[in-house]
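Structure incoming, see below.
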Amino acid sequence: MTLRYESVGHTDTGKVRAHNEDAILVREDVGLWVVADGLGGHSAGDYASGMIVERLRELPRQGDVFDFVEAIEDSLAQVNADLRNVARERNVDVIGSTVVVLVHDKDFMLCGWVGDSRAYCFEDGHLKQITRDHVHGEKNDVTQLGQPQPAGSGVLTRAIGAEEQLFVDWTVTGSRPGMSFLLCSDGVNKELSDHELDEEYRSNVDPQILLARLFELSLNRAGRDNISAVVVRLQD
């Protein structure tokens, strides 16, 4: 049995922002998927997310999966250094981006992230978040709107370009037929709760239909941020 995948991705400016600071990457040829979200309110967020995607787009897959993951980390570390250099040259505090990446292997899936772009896994009729937002306290996304938040809650504690040394968190999941993954920027979470994401996953098996549905729902609401998502479904 050779496990393969079907994947699709899309990014949209949304209904409020003037331009899109998100970037996505779908590389079925090497089993790599990426969502990057340039830091809104900072200089050149689109430059930062675009650099991440372009560097990973050019990355060859050589050796085993661990060699590939090491190459991804090295590439992100170089982007981190380059963004900090550009920020110094432009005399600005931060040029940065969050990122979430998914890597396929026949035995398992590896997910790495920096910041609050998320990854979810859907298996056996249940959707769960497999990343943990790098934010201070509770994040004020759609599931918490209207609830009082402590000062500083939801502020990013980690981003590419923000600190001298970059730390990427990784998690491992299974790699079985029927499993499906969602990578998304926080523009999705601002419009759709985890419960709604779970319901859409239960109703839409096909990745293209699911992705279209997520964007339809998000854009029919406030569309407060750039919206980006990648859906990956494992199959025989």
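Side chains are part of it too, since the values below use all heavy atoms of this structure and drop only hydrogens, waters and symmetry mates. If you're wondering where the values come from, they're calculated on a predicted model, not measured in any experiment.
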Query raised in the report: Hey, does the side chain of D198 reach the backbone of L127 with a donor-acceptor pair shorter than 3.5 angstrom?
Result: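 It does hold such a pair.
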Query raised in the report: At what distance, to the nearest 0.5 angstrom, does CG of D225 lie from CG of N20?
Result: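 One gets 9.0 Å once the value is rounded to the nearest 0.5 Å.
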Report task. Go through the steps to decide whether L192 and S218 satisfy the test side-chain contact (heavy atoms from CB on, under 4.5 Å), and finish with yes or no. Result -> CA-CA 7 Å; L192 303 176; S218 297; 3.7 Å; yes
Query raised in the report: Does CD belonging to E199 count more than 12 external heavy atoms closer than 6.0 Å?
Result: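 Atom CD in E199 is crowded, with more than 12 foreign heavy atoms closer than 6.0 Å.
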Query raised in the report: So, N220 side chain and L217 main chain: donor-acceptor pair closer than 3.5 Å or not?
Result: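 No, the answer is negative, given that no donor and acceptor are paired below the 3.5 Å cut-off.
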Requested in this report: Would you kindly confirm whether L219 and V188 end up in one hydrophobic cluster when ILVMFWY residues are joined by side chain heavy atoms under 4.5 Å apart?
Outcome: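 Hydrophobic grouping puts L219 with V188.
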Query raised in the report: So, for A159 and N80, which heavy atoms are closest and what is the spacing to 0.1 Å?
Result: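 Of all heavy-atom pairs spanning A159 and N80, the closest is O-OD1, 4.2 Å.
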Requested in this report: Determine yes or no for a side-chain-to-main-chain donor-acceptor pair under 3.5 angstrom, with S175 supplying the side chain and M109 the backbone.
Outcome: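 Absent.
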**Report entry** Side chains of V35 and C184 in contact at under 4.5 Å (non-hydrogen atoms)
**Finding:**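 No, their side chains stay 4.5 Å or more apart.
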Query raised in the report: Any donor and acceptor pair, going by atom type alone, linking the side chain of R202 with main-chain N or O of G125 inside 3.5 Å?
Result: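 Yes, because the side chain of R202 sits within donor-acceptor range (under 3.5 Å) of the backbone of G125.
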Query - Atom CZ of R90 with >12 non-hydrogen neighbours under 6.0 angstrom - result: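 Enclosed.
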Requested in this report: Evaluate the criterion side-chain contact (heavy atoms from CB on, under 4.5 Å) for residue pair E216 and R213; output intermediate values, then yes/no.
Outcome: CA-CA 5 Å; E216 177 187 6; R213 179 66 178 157; 3.4 Å; yes
Query raised in the report: Can you tell me how far CG of D67 sits from CD of Q62, rounded to the nearest 0.5 angstrom?
Result: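 Between atom CD of Q62 and atom CG of D67 there are 9.0 Å.
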Query raised in the report: Side-chain contact, heavy-atom cut-off 4.5 Å: E6 with D206?
Result: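 Yes, at least one pair of side-chain atoms sits under 4.5 Å.
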Report task. Decide whether F181 and F108 are clustered together by the hydrophobic rule: side chain heavy atoms of Ile, Leu, Val, Met, Phe, Trp, Tyr closer than 4.5 Å, transitively. Result ->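 F181 does not cluster with F108.
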Report task. Please say which of D37, D22, N226 ends up in a side-chain hydrogen bond (donor to acceptor under 3.5 Å, both in side chains) with S185. Result ->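 So the option named by the test is D22.
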**Report entry** D186 side chain reached by R118 side chain, heavy atoms, under 4.5 Å
**Finding:**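 No, their side chains stay 4.5 Å or more apart.
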Query raised in the report: Hey, are the side chains of R176 and D124 touching, using non-hydrogen atoms and a 4.5 Å cut-off?
Result: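 No. Closest side-chain heavy atoms not under 4.5 Å.
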Requested in this report: Please check if any side-chain donor atom of S97 sits under 3.5 Å from a side-chain acceptor atom of S49, or the reverse.
Outcome: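 There is no such pair between these side chains.
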Query - Atom CG of D169: over 12 foreign heavy atoms under 6.0 Å - result: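 Yes, because the 6.0 Å sphere around CG of D169 holds more than 12 heavy atoms from other groups.
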Requested in this report: Hey, could you give me the CD1/SG distance between I130 and C111, rounded to the nearest 0.5 Å?
Outcome: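 Atom-to-atom, I130:CD1 and C111:SG are 4.5 Å apart.
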Query raised in the report: Which value, rounded to the nearest 0.5 Å, describes the distance between F215 atom CZ and T11 atom OG1?
Result: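 Between F215 CZ and T11 OG1, I get 6.0 Å after rounding to 0.5 Å.
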Query raised in the report: Can you check whether R132's main-chain N or O pairs, donor with acceptor, with W113's side chain at less than 3.5 Å?
Result: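 Indeed, once roles are kept as given, a pair shorter than 3.5 Å links the two residues.
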Query - Separation of L110 CG from H104 NE2 (nearest 0.5 Å) - result: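 So the gap between those two atoms works out to 11.0 Å.
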Query raised in the report: If only atom types and distance count, is the side chain of R27 paired as donor or acceptor with the main-chain N or O of R57 below 3.5 Å?
Result: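 It does hold such a pair.
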Query raised in the report: Do we see a donor-acceptor contact under 3.5 Å between the side chains of Y120 and D194?
Result: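 D194 and Y120 do have a side-chain donor-acceptor pair below 3.5 Å.
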**Report entry** Heavy-atom pair of closest approach, residues L83 and G96
**Finding:**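 Minimum heavy-atom contact is CD1-CA, 4.4 Å.
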Report task. List the atom of A222, the atom of E191, and the distance in Å for their closest heavy-atom pair. Result ->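 Nearest pair, atom of A222 first, then E191: N-OE1, 3.4 Å.
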Query raised in the report: Would a 4.5 Å heavy-atom cut-off, applied to side chains only, mark V99 and V101 as touching?
Result: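 In short, these two side chains touch, coming nearer than 4.5 Å.
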Query raised in the report: Mind checking whether S180 and V231 have side chains closer than 4.5 Å, heavy atoms only?
Result: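 S180 reaches V231 side chain to side chain.
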Query - Verify same cluster id: L182, I227 (apolar side-chain graph, 4.5 Å) - result: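 Yes, L182 and I227 fall within the same hydrophobic cluster.
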Query - Evaluation steps, side-chain contact (heavy atoms from CB on, under 4.5 Å), between T157 and D133 - result: CA-CA 9 Å; T157 58; D133 298 343; over 6 Å; no
**Report entry** For L211 against G9, the heavy-atom pair lying closest together
**Finding:**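 Minimum heavy-atom separation between L211 and G9: CD2-C, 3.7 Å.
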Query raised in the report: Does M179 offer a backbone N or O that forms a donor-acceptor pair with the side chain of R233 under 3.5 Å?
Result: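 No; zero donor-acceptor contacts below 3.5 Å.
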**Report entry** Minimum heavy-atom distance S228-I24, with the two atoms named
**Finding:**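 Where S228 meets I24 most closely, the heavy atoms are CB-CG2, 3.8 Å.
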**Report entry** Side chain proximity check, L197 to F122, heavy atoms < 4.5 angstrom
**Finding:**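 They are not in side-chain contact.
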Requested in this report: Taking all heavy atoms of S75 and all of L56, pick out the closest pair and write down the distance.
Outcome: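 Looks like OG-CD2, 3.9 Å.
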Report task. Could you tell me the separation between the CZ atom of R221 and the NZ atom of K15, rounded to the nearest 0.5 Å? Result ->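 Between atom CZ of R221 and atom NZ of K15 there are 10.5 Å.
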Query raised in the report: Would a hydrophobic clustering, with Ile, Leu, Val, Met, Phe, Trp and Tyr connected at side-chain separations under 4.5 Å, put V172 with I72?
Result: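 Yes; tracing contacts between hydrophobic side chains, which count when under 4.5 Å, links both residues.
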Query raised in the report: Any donor and acceptor pair, going by atom type alone, linking the side chain of E163 with main-chain N or O of Q165 inside 3.5 Å?
Result: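 Not a single qualifying donor-acceptor pair exists.
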Query raised in the report: Does E123 offer a backbone N or O that forms a donor-acceptor pair with the side chain of K128 under 3.5 Å?
Result: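 Such a contact is absent between K128 side chain and E123 backbone.
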Query raised in the report: Is N91 atom CG crowded by more than 12 heavy atoms from other residues, nucleotides or ligands, each under 6.0 Å away?
Result: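 Open.
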Query raised in the report: Would V92 end up clustered with L156 when hydrophobic side chains under 4.5 Å apart are linked, directly or stepwise?
Result: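 Not linked; separate clusters.
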Query raised in the report: Parallel, tilted or perpendicular for W33 and Y5, by the 30°/60° rule?
Result: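 Plane angle over 60°, so perpendicular.
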**Report entry** Flag side-chain contact, heavy atom, 4.5 Å: I160 against L166
**Finding:**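 In short, these two side chains touch, coming nearer than 4.5 Å.
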